[in-house]
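Proteins get letters first, then strands, A, B, ... in listed order; numbering begins at 1 in each.
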2 protein chains.
Amino acid sequence: MDRTDISLIALRRILRATELYGRELAQAAGLTAVQFRVLQVVSERGNCTATEISQRMGVSQATVTSLVDKLVRQGMVERQRSEKDRRQTHIVKTEKGRAALARAPDALQQRYVRKFEALEDWEQSMLVASLERVASMLDAEDIDASPVLDTGDFTTSAG
Amino acid sequence: MDRTDISLIALRRILRATELYGRELAQAAGLTAVQFRVLQVVSERGNCTATEISQRMGVSQATVTSLVDKLVRQGMVERQRSEKDRRQTHIVKTEKGRAALARAPDALQQRYVRKFEALEDWEQSMLVASLERVASMLDAEDIDASPVLDTGDFTTSAG
DNA sequence: CTATTTTGCTTCGACTATCTAAGTAACATC
DNA sequence: GATGTTACTTAGATAGTCGAAGCAAAATAG
């Protein structure tokens, strides 16, 4: 097996680890993976609109509406009509939402961070360079990613 | 921003690129991402049982049954009762299933492979070492991954 | 060699996620 | 102030998912 295949296998392992992790993460918070991801996005932004969420997650506005409905019903977030542009709705996390995020055992990310930070300086540099290289090879340039390791639910393309 | 964050962002870009890619891939084959993943698993194994598929995909047997039902209805796979153990059902791809897989434009993987193979020897080595390192940091050791770059649908944990 | 347990799969019922299309309200423009 | 655009919601449809319950075949116990 050549190096290309080996690298693909390693990539796939990474994807799979994060996939399975995403599910556990959400379950522990009492949410589904996708709902949890919405909560994360809201939390990162502090305050964001449905459109922002839909763009970041790569789903339609309608889907965001339904996800936010569920989070509202569970008291995790609130809708607030924007004062500046009354078409917009700001989604903000509640105290309960904040707690759910805090409670989520981000075991995978923590393990990763711990191990990463234990590496030698040169190895950290190598990993950063390699990951960025791979990311650009996959042509993910546009992506406005944040340092939250979560699959964002690599989900079913139903509909 | 420190290197840990930078590496997490790069990872997230990688995840997101493959996620979006997985959807396109499946759509081009006229299937959903999850159905496509089942077809891939069947194809890799040549011939496999529902339990094997459910384990590899990390979903329940019930889910596999419903997915296989859909693929059977579309003529992509067939069920064959095992001779050795008549409880088991082997899922095998049909000619149509094989064609669907072949037709899928694995653009992302091809781009990756092309770029990877264009790299200098030392850089290939570095990437392989780094990816394997990251995979092991995420503790994905058990995973029996194959060199198919696809998210396997990082899906919704509903239910 | 029957009775019991385990295994492999399917069925059932319920829920989430997702989409498109259509609807409503607010802003923008001319 | 009519027309268009933007932001979001609603409605209706389909896919994916699970747990529990069912059924048939194999394995195990006595």
What's the separation between atom CG in A:Leu131 and atom CG in B:Leu131, rounded to the nearest 0.5 Å? 6.5 Å
Measure the CE-CG distance between A:Met76 and A:Leu31 for me, rounded to the nearest 0.5 Å. 4.5 Å
Might you work through the salt bridge (Lys or Arg N to Asp or Glu O under 4.0 Å) test for A:Arg3 and B:Glu132, ending with a clear yes or no? CA-CA 11 Å; A:Arg3 277 195 295 216; B:Glu132 295 210 307; over 6 Å; no
Take the protein atom [atom1] of [X] and the nucleotide atom [atom2] of [N], then report the distance between them rounded to whole Å.
X	N	atom1	atom2	result
A:Leu71	C:dA17	CG	C1'	13 Å
B:Arg37	D:dA15	CZ	P	21 Å
A:Phe36	C:dT16	CZ	P	18 Å
A:Leu31	D:dT17	CG	P	18 Å
A:Leu67	C:dC15	CG	P	17 Å
B:Gln61	C:dC12	CD	P	17 Å
B:Glu52	C:dC9	CD	C1'	14 Å
A:Asp69	C:dT16	CG	P	11 Å

Set out, line by line, the N/O atom pairs under 3.5 Å between protein and nucleotides 1-4 of chain C.
none

Step through the shown structure and confirm whether more than 12 heavy atoms of other residues, nucleotides or ligands are within 6.0 Å of CD on B:Glu83. no
Hey, is CD on A:Glu120 packed in by over 12 heavy atoms from elsewhere, all under 6.0 Å? no
Residue whose closest nucleotide on DNA chain C lies nearer the 5' end, A:Lys70 versus B:Thr65: B:Thr65
OP1 or OP2 of [N] sitting under 4.0 Å from any side-chain N/O of [X]?
X	N	answer
B:Ser60	D:dC18	yes
A:Ser66	C:dT18	no
A:Arg79	D:dT9	yes

Across nucleotides 21-30 of chain C, 5' to 3', mark each nucleotide with B, S or - according to how protein heavy atoms within less than 4.0 Å reach it. -----BS---
Looking across every strand, which nucleic acid part, if any, lies under 4.0 Å from A:Thr63 by heavy atom: base, sugar-phosphate, or nothing? base
May I ask you to say what A:Thr49 touches in the nucleic acid, namely base, sugar-phosphate or nothing, with a heavy-atom cut-off under 4.0 Å? sugar-phosphate
Counting N and O atoms only, with roles assigned by atom type, does the side chain of B:Thr94 sit under 3.5 Å from a partner on the main chain of B:Gly75, one being a donor and the other an acceptor? yes
Is it the case that the side chain of A:Thr89 and the backbone of A:Arg81 share a donor-acceptor pair, with hydrogens and angles ignored and the cut-off at 3.5 Å? no
Which residues share a side-chain contact (heavy atoms from CB on, under 4.5 Å) with A:Ser43, sequence neighbours left out: A:Lys93, A:Leu101
Donor-acceptor list for residues 64-71 of chain A side chains, cut-off 3.5 Å, not counting sequence neighbours:
residue	atom	partner	partner atom	Å
A:Thr65	OG1	A:Gln61	O	3.2
A:Asp69	OD1	A:Arg79	NH1	3.1
A:Asp69	OD1	A:Arg79	NH2	2.9

Minimum-distance nucleotide (side-chain atoms of A:Gln35 versus D:dG16, C:dA17, D:dC8): C:dA17
ring-ring contact (aromatic ring centres under 6.0 Å, His included) contacts in which one or both residues fall within residues 114-136 of chain A, not counting sequence neighbours: A:Tyr112-A:Phe116
Taking Watson-Crick (N1-N3 plus N6-O4 or O6-N4) and G-U wobble (N1-O2, O6-N3), each under 3.5 Å, can you produce the dot-bracket string of DNA chain D? Use [ ] for crossing pairs and | for inter-strand ones. ||||||||||||||||||||||||||||||
Paired with B:Val77, the side chain to side chain contact (heavy atoms under 4.5 Å, CB included) test is passed by just one of B:Val72, B:Val38, B:Val92, namely B:Val72
Before giving the answer on salt bridge (Lys or Arg N to Asp or Glu O under 4.0 Å), spell out for A:Arg37 and A:Glu44 the whole-Å C-alpha distance, their side-chain angles and the decisive distance to 0.1 Å. CA-CA 10 Å; A:Arg37 179 68 190 138; A:Glu44 287 160 20; 3.5 Å; yes
